[in-house]
Novice: 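One structure coming up, written as structure tokens, with questions to follow.
Throughout, residue positions are numbered sequentially from 1 according to the sequence presented.
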Amino acid sequence: MGKIAKIIICVVICLGVGLASGATTASGITEWYAFLNKPFFNPPNWIFAPVWTILYTMMGIAAGLVWDKGLDHPGVKGALGIFTIQFIFNAMWSVVFFGMRQPLAALFVIVTLWILIVLTIKRFGALNKTSSLLLIPYLLWVSFATVLNFSIWWLN
């Protein structure tokens, strides 16, 4: 299988999981999140879908570039394993925050996610510099989301 096919598969998986995660927690946004006290820097709701679409696409490209090294290449399986674990925490955060409506528990999830993203960037960087750079905006957004999560918990 070629590089482009691997990238497309990874992008489709990332976008699919993101879409599924968003769909399962959508009611929490309209029925709960809308009524919470939020900090002054809380972005408008419409910004989240396009930002996450871009980030999931970049994550998929990054994973595809690493996968293209070959699963027999030293470090690839470990890097993709950490990527998979962080992606599970990514989906879990939405479920805990919006689905279970537990901002404090979600804060622990997102801090763990942040650590896993840093580890993924490090592992990806050892295999493909571009793949690690593609994850920097994701790390920055999750850093912002962590502060936002903390602030929402604190204010409510």
Novice: Would Met92 and Phe87 count as a side chain to side chain contact (heavy atoms under 4.5 Å, CB included) here? Give the steps.
Specialist: CA-CA 8 Å; Met92 189 179 2; Phe87 204 70; over 6 Å; no
Novice: Okay, side chain of Lys69, backbone of Val76: is any donor-acceptor separation there less than 3.5 Å?
Specialist: no
Novice: Would you mind listing every salt bridge (Lys or Arg N to Asp or Glu O under 4.0 Å) that reaches into residues 21-39, with sequence neighbours excluded?
Specialist: Glu31-Arg101
Novice: Do Trp32 and Phe97 have ring centroids that are under 6.0 Å from one another?
Specialist: yes
Novice: Quick check: do Pro39 and Ile152 have side-chain heavy atoms less than 4.5 Å from each other?
Specialist: yes
Novice: So which atom in Thr25 and which in Gly99 form the shortest heavy-atom distance, rounded to 0.1 Å?
Specialist: CG2-N, 4.0 Å
Novice: Are the side chains of Leu19 and Leu15 in contact, using a 4.5 Å heavy-atom criterion?
Specialist: no
Novice: Do Trp67 and Met1 come within less than 4.5 Å of each other through their side chains, counting heavy atoms only?
Specialist: yes
Novice: Once rounded to the nearest 0.5 Å, what's the spacing between atom CD1 of Ile9 and atom SG of Cys14?
Specialist: 12.0 Å
Novice: Are Ser132 and Lys122 side-chain neighbours, meaning at least one heavy-atom pair lies under 4.5 Å?
Specialist: no
Novice: What salt bridge (Lys or Arg N to Asp or Glu O under 4.0 Å) pairs are there with at least one residue in residues 8-25, not counting sequence neighbours?
Specialist: none
Novice: Is it the case that one hydrophobic cluster holds both Ile136 and Met58, taking links as side-chain heavy atoms less than 4.5 Å apart, direct or via other members?
Specialist: yes
Novice: Could I get the full list of salt bridge (Lys or Arg N to Asp or Glu O under 4.0 Å) partners for Lys6, not counting sequence neighbours?
Specialist: Asp68
Novice: Is it true that a side-chain atom of Ser143 and a backbone atom of Leu139 form a donor plus acceptor pair closer than 3.5 Å?
Specialist: yes
Novice: Do the side chains of Phe41 and Phe48 join up, straight or via other hydrophobic residues, at under 4.5 Å, putting them in one cluster?
Specialist: yes
Novice: Go through the side-chain N and O atoms of Tyr56 and Asn90 and say whether any donor and acceptor fall under 3.5 Å apart.
Specialist: yes
Novice: Find the distance between OG1 (Thr146) and CH2 (Trp114) and round it off to the nearest 0.5 Å.
Specialist: 8.5 Å
Novice: Check whether any side-chain N or O of Asn156 sits under 3.5 Å from a backbone N or O of Asn37 as a donor-acceptor pair, and report yes or no.
Specialist: yes
Novice: Hey, quick one: are Ile8 and Ile61 part of the same hydrophobic cluster, counting side-chain heavy atoms closer than 4.5 Å, chains of contacts allowed?
Specialist: no
Novice: Do the non-hydrogen side-chain atoms of Leu134 and Leu65 ever get within less than 4.5 Å of each other?
Specialist: yes
Novice: In terms of the angle between their ring planes, are Phe124 and Phe83 parallel, tilted or perpendicular, with boundaries placed at 30° and 60°?
Specialist: parallel
Novice: Looking only at heavy atoms, which two atoms of Ala106 and Val96 are closest? And how far apart?
Specialist: N-CG1, 3.4 Å
Novice: Please round to the nearest 0.5 Å and tell me the distance separating atom CG of Leu133 and atom CD1 of Ile121.
Specialist: 9.0 Å
Novice: Where is the tightest heavy-atom contact between Pro74 and Leu127, given as atom of each residue plus distance?
Specialist: O-CD2, 3.4 Å
Novice: For Phe108, does the CZ atom sit with more than 12 other heavy atoms under 6.0 Å from it, leaving out its own atoms?
Specialist: no
Novice: For residues Trp93 and Asn149, report the shortest heavy-atom separation together with the two atoms involved.
Specialist: NE1-OD1, 2.8 Å
Novice: Is the distance between the ring centroids of Trp141 and Tyr138 under 6.0 Å?
Specialist: no
Novice: Can you confirm whether Leu55 sits close enough to Leu135 that some side-chain heavy atom of one is under 4.5 Å from a side-chain heavy atom of the other?
Specialist: no
Novice: Given Leu80 and Leu71, is the side chain to side chain contact (heavy atoms under 4.5 Å, CB included) satisfied, shown in steps?
Specialist: CA-CA 9 Å; Leu80 291 175; Leu71 294 177; 3.9 Å; yes
Novice: Classify the ring geometry between Trp154 and Phe150 as parallel (under 30°), tilted (30 to 60°) or perpendicular (over 60°).
Specialist: parallel
Novice: Enter the distance from Asn42:CG to Leu36:CG here, rounded to the nearest 0.5 Å.
Specialist: 9.5 Å
Novice: Mind checking the CG-CD1 spacing from Leu113 to Ile88? Nearest 0.5 Å is all I need.
Specialist: 11.5 Å
Novice: Could you see if Phe98 belongs to whatever hydrophobic cluster contains Val147? Use Ile, Leu, Val, Met, Phe, Trp, Tyr and a side-chain cutoff under 4.5 Å.
Specialist: yes
Novice: If you measure from CG on Asn45 to OG1 on Thr30, what distance do you get to the nearest 0.5 Å?
Specialist: 10.0 Å
Novice: Locate the shortest heavy-atom distance separating Ser21 from Ser94; write the atom from each residue and the value.
Specialist: OG-CB, 3.3 Å
